[in-house]
Amino acid sequence: MGRSLLRLRQQGRRLGIAVLFVVAGAGLWEFQERQHQDDYTWMGVPTWDGFHPTTFHRVLRNDGFLVGWSDVRVNPLWVSYQLEAVDDDTRIGSRPNFQADWRTLWPITTDSYSGSGYDRGHMAPNYAIAAVHGRSAQVDTFLMSNMSPQRPNLNRQLWQRLEQSVMDHFAPRFDRLQVITGPIFPEHFMDNVFNRVGFVEVPEAFYKIIVAPHADAPLALAFIMPQDVRGNEPLANYLVTINEIEERTGLNFFPNLSPEIEAVLEGELRTQGWALEEVSKRPGRFQ
DNA sequence: TTTGATGT
């Protein structure tokens, strides 16, 4: 009787130590994952308030960028990456092939979009990521988890012009840029729930937030561009505040910002410092 | 087709 009690106590102690290791290990992993994500993203990765199935997501780590993946929308709700001007882009290789991403769990294959009338629209862009972060990062931008259905006129013209302006015009003006971009869906989930390319829900618009992260006086430009565009519109037509994007996505961008700086950066539409007018009407490459 | 993607 006494011996079995002793053995039980020993087993209990071993179990306790094992649990301690698991908890400590999980905590360490969580801490390092957070650390890694924060290293990638100025002022914290996007968060959401409360429990909403449509904003719930998990973070996929790639070379050069992070993806906030939603298994409900079957879309990247956001991608986040940093850019800087580069001297030499001649080392960039040819366009890699699109490839399925098993981490999404959903079977999104490279031909899921075929015949749908929608392009496989990059969220983290091929050119900028390749130029700044190298070949393996470029390959990652062709994962299907980085795609969202875009109308050709948007993807190949208006959106392309915006991405080209980010890399060729905005990046050289600042040391570093933080970019967050992603889709916007109709307000009521059920209205759009069957509007899909394969399993992938079709957005009604896309946003892009570009921040020049100076410590005390960061600058930001933000855009919302709808699917239905001709493609040759001035970029400036689509300027919005970050608050508007937060309202339409349900996400909270840059959660680590102090309330005072956040109020100005996210609530006010300020274009000083970006010289947007120099590129707003610049034609695209592919028209 | 050198910053976009499709379909032949």
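Below, read A as the first sequence line, B as the second, and so on, with proteins coming before strands; counting in each chain starts at 1.
Remark: A/Met225 engages A/Leu154, A/Leu158, A/Trp159, A/Leu162, A/Phe223, A/Leu235, A/Tyr238 in a side chain to side chain contact (heavy atoms under 4.5 Å, CB included) (not counting sequence neighbours). Every side chain to side chain donor-acceptor pair (under 3.5 Å) that A/Thr109 has, sequence neighbours left out, goes to A/Asp111, A/Ser112. With sequence neighbours excluded, the residues forming a salt bridge (charged side-chain N to carboxylate O under 4.0 Å, His left out) with A/Glu201 are A/Arg73, A/Arg196, listed by chain and number. Remark: A/Thr141 engages no residue in a side chain to side chain donor-acceptor pair (under 3.5 Å) (not counting sequence neighbours). Residues meeting the side chain to side chain donor-acceptor pair (under 3.5 Å) test with A/Asn62, sequence neighbours left out: A/Arg103.
Protein chain A contacts DNA chain B from B/dT2 to B/dG7, reading 5' to 3' and using non-hydrogen atoms of the protein with a distance under 4.0 Å.
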Would you be so kind as to tabulate the donor-acceptor pairs closer than 3.5 Å made by side chains of residues 260-271 of chain A, with sequence neighbours excluded?
residue: A/Glu260; atom: OE1; partner: A/Ser258; partner atom: OG; Å: 3.4

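Of the residues in residues 125-144 of chain A, A/Asn126, A/Tyr127 come within less than 4.0 Å of DNA chain B through at least one heavy atom, sorted by number.
Rounded to a whole angstrom, the distance from the C1' atom of B/dG7 to that of B/dT1 is 14 Å.
Sorted by first and then second residue, the pairs that involve residues 86-121 of chain A and meet ring pair (Phe, Tyr, Trp, His ring centres under 6.0 Å), not counting sequence neighbours, are A/Phe98-A/His122, A/Phe98-A/Phe142, A/Trp106-A/Phe199.
No side-chain N or O of A/Thr104 forms a donor-acceptor pair with one of A/Ser145 less than 3.5 Å apart.
When heavy atoms are screened at a 4.0 angstrom cut-off, A/Gln164 is found touching base atoms of the nucleic acid. Residue contacts for A/Asp89: at a heavy-atom cut-off of 4.0 Å it reaches no nucleic acid atom on any strand shown.
When each of A/Asp168 and A/Asp119 is assigned the nucleotide of DNA chain B bearing its nearest heavy atom, the one mapping closer to the 5' terminus is A/Asp168.
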